[in-house]
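The structure under discussion appears below in the form of structure tokens.
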Amino acid sequence: MKMQLAPLFFVWIDSLALGQIVPRRSWCPVPLSPRLPRLMVPVRLIIIHHTVTAPCFNAHQCQLALRQIRADHMRRKFRDIGYNFLIGGDGRIYEGLGFGIRGEHAPNYNSQSIGIAFIGNFQTGLPPSQMLQAARTLIQIAVQRRQVSPNYSLVGHCQTKATACPGRHLLNELKKWPRWQPKP
């Protein structure tokens with residue numbers, strides 16, 4: 001009997017973790033185009049961004065922010081929202097493009113990375129702890145689902161091009177994370 005309980009327990013934990021990702025359909029009525037370019041997975045790179053928008057603190061605010069970010073990206077001639085996932089100030093992980101779709105977040109690196117954006121501006125302060133924990137959880141899920149290589153490199157957007165993104169405070173925090181690398 002114990003042998004049967006252990007696998008069920010692990011499935012429950014996996015489902016719980018995967019349930020922390022808020023699906024795209026909850027904030028965007030437009031499904032992803034099947035024509036969007038796919039990623040060859042697992043990717044070797046995770047690129048962290050900040051959106052330089054107002055922060056959000058609950059599901060309603062975060063979903064509104066996501067729609068505004070997507071609209072801005074579409075105005076700028078992106079195919080859709082540019083990020084694979086976004087982290088809200090409510091501590092939730094929001095699906096943007098999701099796994100397996102090539103983002104538009106870091107020129108020259110999009111085909112070998114996923115982009116994770118923290119909603120807000122972190123040039124002048126650090127994201128709340130629930131946002132940092134949500135990003136760590138998402139990275140664990142990505143590795144577990146074999147979307148990201150276990151020996152991935154973690155970098156800030158500013159390490160791929162001349163930009164202040166993901167903000168000085170968030171970049172300094174990322175430098176303390178185990179897989180952060182000084183170069184992509």
Side-chain angles (χ1 to χ4, degrees), residues 17 20-22 24 27 43-73 75-76 78 80-99 102-110 112-144 147-184:
Q20 291 179 356
I21 298 176
V22 178
R24 174 189 169 92
W27 64 269
V43 296
R44 66 168 193 86
L45 196 54
I46 297 173
I47 302 174
I48 303 293
H49 304 261
H50 67 162
T51 60
V52 195
T53 60
C56 62
F57 301 105
N58 61 50
H60 177 74
Q61 290 175 349
C62 291
Q63 291 172 5
L64 178 61
L66 289 160
R67 287 191 290 275
Q68 291 171 340
I69 292 163
R70 181 180 183 269
D72 176 61
H73 286 186
R75 272 192 299 275
R76 292 167 42 201
F78 287 29
D80 205 291
I81 195 165
Y83 310 114
N84 297 90
F85 295 93
L86 298 95
I87 308 295
D90 59 355
R92 291 186 176 99
I93 302 163
Y94 291 90
E95 181 182 39
L97 296 171
F99 290 122
R102 190 178 80 210
E104 292 181 274
H105 56 89
N108 302 319
Y109 294 93
N110 290 325
Q112 54 194 317
S113 67
I114 64 165
I116 301 172
F118 285 70
I119 299 174
N121 185 339
F122 302 103
Q123 191 63 22
T124 57
L126 197 57
S129 61
Q130 68 265 23
M131 291 181 83
L132 299 171
Q133 185 54 52
R136 287 186 197 97
T137 298
L138 175 58
I139 291 168
Q140 290 173 343
I141 292 168
V143 171
Q144 180 183 20
Q147 298 297 305
V148 171
S149 172
N151 62 345
Y152 68 89
S153 294
L154 177 72
V155 298
H157 187 204
C158 61
Q159 295 171 257
T160 68
K161 68 178 271 186
T163 177
C165 180
R168 141 175 80 94
H169 290 275
L170 181 50
L171 182 65
N172 287 337
E173 171 64 23
L174 295 175
K175 289 178 181 180
K176 301 173 193 172
W177 291 20
R179 306 280 323 152
W180 180 82
Q181 298 295 319
K183 295 189 179 199

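As the structure is a prediction and not an experimental result, all values here were calculated from the model.
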[atom1]/[X] to [atom2]/[Y] distance, rounded to the nearest 0.5 angstrom?
| X | Y | atom1 | atom2 | result |
| --- | --- | --- | --- | --- |
| Q159 | I48 | CD | CD1 | 10.5 Å |
| N121 | I119 | CG | CD1 | 13.0 Å |
| Q147 | I46 | CD | CD1 | 11.0 Å |
| T137 | Q130 | OG1 | CD | 12.0 Å |
| Q133 | L138 | CD | CG | 11.5 Å |

Could you check whether any side-chain N or O of [X] sits under 3.5 Å from a backbone N or O of [Y], counting only pairs where one atom can act as donor and the other as acceptor?
| X | Y | value |
| --- | --- | --- |
| N172 | R168 | yes |
| H73 | G82 | yes |
| R179 | Y152 | yes |
| N84 | G115 | yes |
| S153 | L45 | no |
| Q61 | F57 | yes |

Are C158 and C165 within a span of less than 2.5 Å, counting SG to SG?
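Not so, these two cysteines form no disulfide.
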How about [X] and [Y]: do any of their side-chain heavy atoms sit closer than 4.5 Å?
| X | Y | result |
| --- | --- | --- |
| Y83 | E104 | no |
| Y109 | T160 | yes |
| R92 | I21 | no |
| I116 | I47 | no |
| I139 | F85 | no |
| L174 | L154 | yes |
| I81 | W27 | yes |
| V148 | I114 | yes |

Write down the atom of [X], the atom of [Y], and the distance for their closest heavy-atom approach.
| X | Y | result |
| --- | --- | --- |
| G89 | C62 | N-SG, 4.0 Å |
| A59 | Y94 | CA-OH, 3.6 Å |
| R102 | N110 | CG-O, 3.3 Å |
| A117 | T51 | CB-CG2, 3.9 Å |
| A134 | I87 | CB-CG2, 3.9 Å |
| A142 | F99 | CB-CE2, 3.6 Å |

Side-chain ion pair, R70 and E95, N-O less than 4.0 Å:
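No, no charged N to carboxylate O under 4.0 Å.
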Determine, for R24 against D80, whether the closest basic-nitrogen to carboxylate-oxygen distance falls under 4.0 angstrom.
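A salt bridge links R24 with D80.
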Please determine whether side chain to side chain contact (heavy atoms under 4.5 Å, CB included) holds for the pair H105 and F78, giving the CA-CA distance in whole Å, both sets of side-chain angles, and the decisive distance to 0.1 Å.
CA-CA 10 Å; H105 56 89; F78 287 29; over 6 Å; no
Answer yes if the side chains of E173 and W180 hold a donor-acceptor pair under 3.5 Å, and no otherwise.
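Per modelled atom types, E173 and W180 side chains form no pair under 3.5 Å.
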Is there a side chain to side chain contact (heavy atoms under 4.5 Å, CB included) between L170 and L132 once you walk through the steps?
CA-CA 9 Å; L170 181 50; L132 299 171; 4.0 Å; yes
H49 and F118 aromatic centres sub-6.0 Å
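Aromatic pair excluded; centres sit 6.0 Å or further apart.
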